[in-house]
Amino acid sequence: MIDLKYLQKNFDEASTKLLKKGVDTQTLETLKELFSTLKEANAEFEEAKAEQNKMSKLFGTYMREKKDVGELKVQIDAKKEQLVGLQSTARQAEEALQNVALAMPNFPDESVPNGADEDDNIELRKVLEPRSFDFEPKEHWALAEINGWIDFERGVKLAKSRFAVLRGDAARMERALINFFLDVNRKRGFEEVCVPFINNAKMLQGTGQLPKFEDDLFKVEGEDLYLIPTAEVPLTNLYNDEILTTKELPILLTGYTPCFRKEAGSAGRDTRGMIRQHQFDKVEMVAIVEPSKSEEIFEMMVENASDILTQLGLPHRVVELCGGDLGFSAASTIDLEVWLPGQDKYREISSISNTRDFQARRAKIRYKDGKKNVLVHTLNGSALAVGRTLVAIMENYQNEDGSITIPEVLKKYM
RNA sequence: CGGGAGAUGUCAGAGUGGUCGAAUGUGCCGGUCUUGAAAACCGGUGAGGGUAAUACCUCCGGGAGUUCGAAUCUCCCUCUCCCGGCCA
């Protein structure tokens with residue numbers, strides 16, 4: 001959630017910032033008004049409540065002194081009646097504010113480039129030269145068929161479209177990649193955790209998936225629970241509603257989880273192959289840090305993910321997202337895109353974001369800075385998306401006969 | 001899923017209608033003492049909102065109710081623990 005006090009005091013600056021992310025000033029104006037309405041309503045309610053509290057205390061005194069309370073009771077009753085109205089006004093104001101505030105995306109950082117969509121993203125650098133083929137490189141689904149690695153039909157049979165089954169060496173490689181990623185992250189100082197793959201609504205709200213993106217989530221019927229769309233949710237919310245000490249920070253976490261997404265808005269996109277599935281494996285990094293450290297940790301996380309790709313010998317590029325392409329919670333994001341020779345394209349394989357205090361405010365994650373409680377900064381990033389890495393290995397390590405060479409670093413894992 | 005017990009501050013644990021945001025112990029921070037540390041002693045120490053700062057408001061798992069007044073009484077929900085069933 002954005003800082004409403006900041007919005008109120010620096011409205012013009014705030015609207016300039018959010019314009020970058022495609023939020024119109026009208027919505028912001030509404031939010032600002034709802035905020036001041038709430039403050040007024042609260043003030044009025046609290047004042048009346050204070051009077052009532054005072055009278056109730058007096059009532060007790062009268063009782064003890066055996067004075068007549070008839071007159072006082074009449075006054076209290078009148079005040080109570082007034083309070084009912086004031087309270088419901090205040091509650092309505094609160095609710096109205098929450099509805100808008102929770103749907104408001106994060107401010108982008110100053111440094112985030114302007115732009116409407118991914119075409120305006122900025123390539124920062126390329127890492128590793130794509131290899132040249134002396135034959136026509138195949139796409140991964142063709143290779144999957146030759147090697148019997150991916151059973152798309154039976155995945156659909158078991159669940160529905162956008163589900164697949166990995167078989168044989170592909171299944172083993174999936175597992176090998178997870179282990180490899182976790183090991184690398186652990187060596188960087190991330191604590192490995194294994195978390196529930198189903199989280200409650202409060203947690204999903206904490207990281208920003210709810211209430212706005214409910215349609216993208218698989219919900220457990222009849223329960224206040226959702227399948228996680230990313231490990232960012234459980235890892236970040238591990239510290240939901242907690243006050244940490246400076247000694248505990250920074251907290252660096254890594255974990256493997258499957259991720260579940262409805263892909264509601266992407267009908268028809270990447271229907272072929274394993275790029276866009278309803279369920280996929282991912283190893284995630286999450287950092288919970290003091291605000292002054294978030295820049296530095298962010299760089300480290302990008303470096304770490306890029307390094308994993310390099311170790312795997314996978315050519316990739318580092319891309320800075322423009323304002324229009326930033327996710328809801330992100331203040332800044334760097335994507336890593338891996339080269340897919342079969343598709344002749346770079347495709348996203350990791351996304352690393354700094355959400356600043358946006359998620360911290362929603363999830364109430366603070367730390368004690370001397371006497372004061374201060375919101376932490378939270379960061380998250382994939383290291384890496386496992387299924388897409390498998391795809392990248394297939395396409396980059398394919399041989400003319402369709403066979404696939406195992407990357408050197410994975411050999412000890414398989 | 002059935003039977004029983006419970007949910008209070010970092011933790012432990014009092015509190016059964018007002019003067020309780022809450023005893024006491026513990027932890028933590030600061031100080032005295034000490035060559036240093038420990039011990040002992042003294043002081044401070046929950047969260048959110050509000051304010052220039054005070055006032056003031058809210059919070060004793062969550063919600064509704066009774067009452068002039070609720071941590072305390074009633075109802076519902078959730079969760080935890082113990083016993084039984086089922087089960088990886």
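Keep in mind the model is a prediction, meaning the values are calculated, not measured. Chain naming here is simple, since letters A, B, ... match the order of the sequence lines and numbering starts at 1 in each.
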Undergrad: B:C29 C1' sits how many Å from A:Asp369 CG, rounded?
TA: 15 Å
Undergrad: Under 4.0 Å, heavy atoms only, any strand: does A:Asn42 hit a base, just the sugar-phosphate, or nothing?
TA: nothing
Undergrad: Looking only at atom P, what distance separates B:G44 and B:G49, rounded to whole Å?
TA: 26 Å
Undergrad: OP1 or OP2 of B:C68 versus the side-chain N and O atoms of A:Lys73: is any pair under 4.0 Å?
TA: yes
Undergrad: Any base atoms under 4.0 Å from A:Lys80, or only sugar-phosphate, or nothing? Heavy atoms, all strands.
TA: sugar-phosphate
Undergrad: Would you kindly compare A:Glu51 and A:Phe59 by the position of their nearest RNA chain B nucleotide and give the one closer to the 5′ end?
TA: A:Glu51
Undergrad: Under 4.0 Å between any heavy atoms, over every strand shown, what does A:Lys368 touch: base, sugar-phosphate, or nothing? Just pick one.
TA: sugar-phosphate
Undergrad: If we count only N and O atoms by modelled type, under 3.5 Å, do the side chains of A:Arg186 and A:Thr254 hold a donor and an acceptor together?
TA: no
Undergrad: Please report the distance separating the C1' of B:G27 from the corresponding atom of B:C76, rounded so that it comes out in whole Å.
TA: 37 Å
Undergrad: What does A:Lys54 touch in the nucleic acid at a heavy-atom separation under 4.0 angstrom: a base, only the sugar-phosphate, or nothing?
TA: nothing
Undergrad: Taking the nucleotide of RNA chain B with the nearest heavy atom to each, does A:Ile76 or A:Lys5 sit closer to the 5' end?
TA: A:Lys5
Undergrad: Report the distance from atom NZ of A:Lys372 to atom P of B:G48, rounded to the nearest whole Å.
TA: 12 Å
Undergrad: Looking at A:Phe11, I'd like to know if the NZ or CZ of A:Lys32 sits under 6.0 Å from its six-membered ring centre while staying within 45 degrees of the ring's axis.
TA: yes
Undergrad: Distance between the P atoms of B:C33 and B:A23, in whole angstroms?
TA: 31 Å
Undergrad: Could you tell me whether A:Ile243 contacts a base, only the sugar-phosphate backbone, or nothing, with contacts defined as non-hydrogen atoms closer than 4.0 Å?
TA: sugar-phosphate
Undergrad: Checking all strands, does A:Gln52 fall into the base, sugar-phosphate, or nothing category for heavy-atom contacts under 4.0 angstrom?
TA: sugar-phosphate
Undergrad: Tell me: CG of A:Asn240 to P of B:A47, nearest whole Å?
TA: 17 Å
Undergrad: Would you state whether a donor and an acceptor, one from the side chain of A:Glu46 and one from the base of B:G50, lie under 3.5 Å apart?
TA: no
Undergrad: Provide the distance between the two P atoms, one in B:G9 and one in B:A71, to the nearest whole Å.
TA: 15 Å
Undergrad: For B:C82 versus B:U72, give the span between their P atoms, rounded off to a whole number of Å.
TA: 27 Å
Undergrad: Choosing from B:U45, B:G48, B:U58, which nucleotide comes nearest the side chain of A:Lys49?
TA: B:U58
Undergrad: If I pick the P atom on B:U24 and the same atom on B:C79, what distance separates them, to the nearest angstrom?
TA: 36 Å
Undergrad: Could you check, using the six-membered ring where one of them is a Trp, whether A:Phe260 and A:Phe197 have ring centers closer than 6.0 angstrom?
TA: no
Undergrad: Within the 3.5 Å criterion, strictly below it, is a donor on A:Gln82 or A:Lys79 matched to an acceptor on the partner's side chain?
TA: yes
Undergrad: Given side chain to side chain donor-acceptor pair (under 3.5 Å), test A:Tyr367 with A:Glu248 step by step and report yes or no.
TA: CA-CA 9 Å; A:Tyr367 74 101; A:Glu248 294 172 87; over 6 Å; no
Undergrad: When the distance from CZ of A:Arg91 to P of B:G49 is rounded to whole Å, what number comes out?
TA: 19 Å
Undergrad: Between atom CG in A:Asp3 and atom C1' in B:G49, what is the gap in whole Å?
TA: 14 Å
Undergrad: With rounding to the closest Å, how many angstrom separate the C1' atoms on B:C42 and B:A47?
TA: 28 Å
Undergrad: Does A:Arg361 reach a base, just sugar-phosphate, or nothing at all? Heavy atoms under 4.0 Å.
TA: nothing
Undergrad: Pick the P atom in B:C20 and in B:G31, then give their distance to the nearest Å.
TA: 32 Å
Undergrad: Nearest to the side chain of A:Lys39, heavy atoms from C-beta on, is which of B:A47, B:C68, B:G50?
TA: B:G50
Undergrad: Who is the Watson-Crick or G-U wobble partner of B:C81, with both distances under 3.5 Å?
TA: B:G4
Undergrad: Any salt bridge linking A:Asp307 with A:Lys187? Criterion: basic side-chain nitrogen under 4.0 Å from a carboxylate oxygen.
TA: no
Undergrad: Tell me, please, whether A:Phe218 has A:Lys262 positioned over its six-membered ring: NZ or CZ under 6.0 Å from the ring centre and within 45 degrees of its axis?
TA: yes
Undergrad: What contact category does A:Asp224 fall into here, base, sugar-phosphate, or nothing, at under 4.0 angstrom with non-hydrogen atoms?
TA: nothing
Undergrad: Looking at B:U58, I'd like to know if its phosphate oxygens (OP1 or OP2) sit under 4.0 Å from a side-chain N or O belonging to A:Asn53.
TA: yes
Undergrad: Are OP1 or OP2 of B:G48 and a side-chain N or O of A:Arg366 less than 4.0 angstrom apart?
TA: yes
Undergrad: Among B:U58, B:C68, B:G48, which is the nearest nucleotide to the side chain of A:Asn373?
TA: B:G48
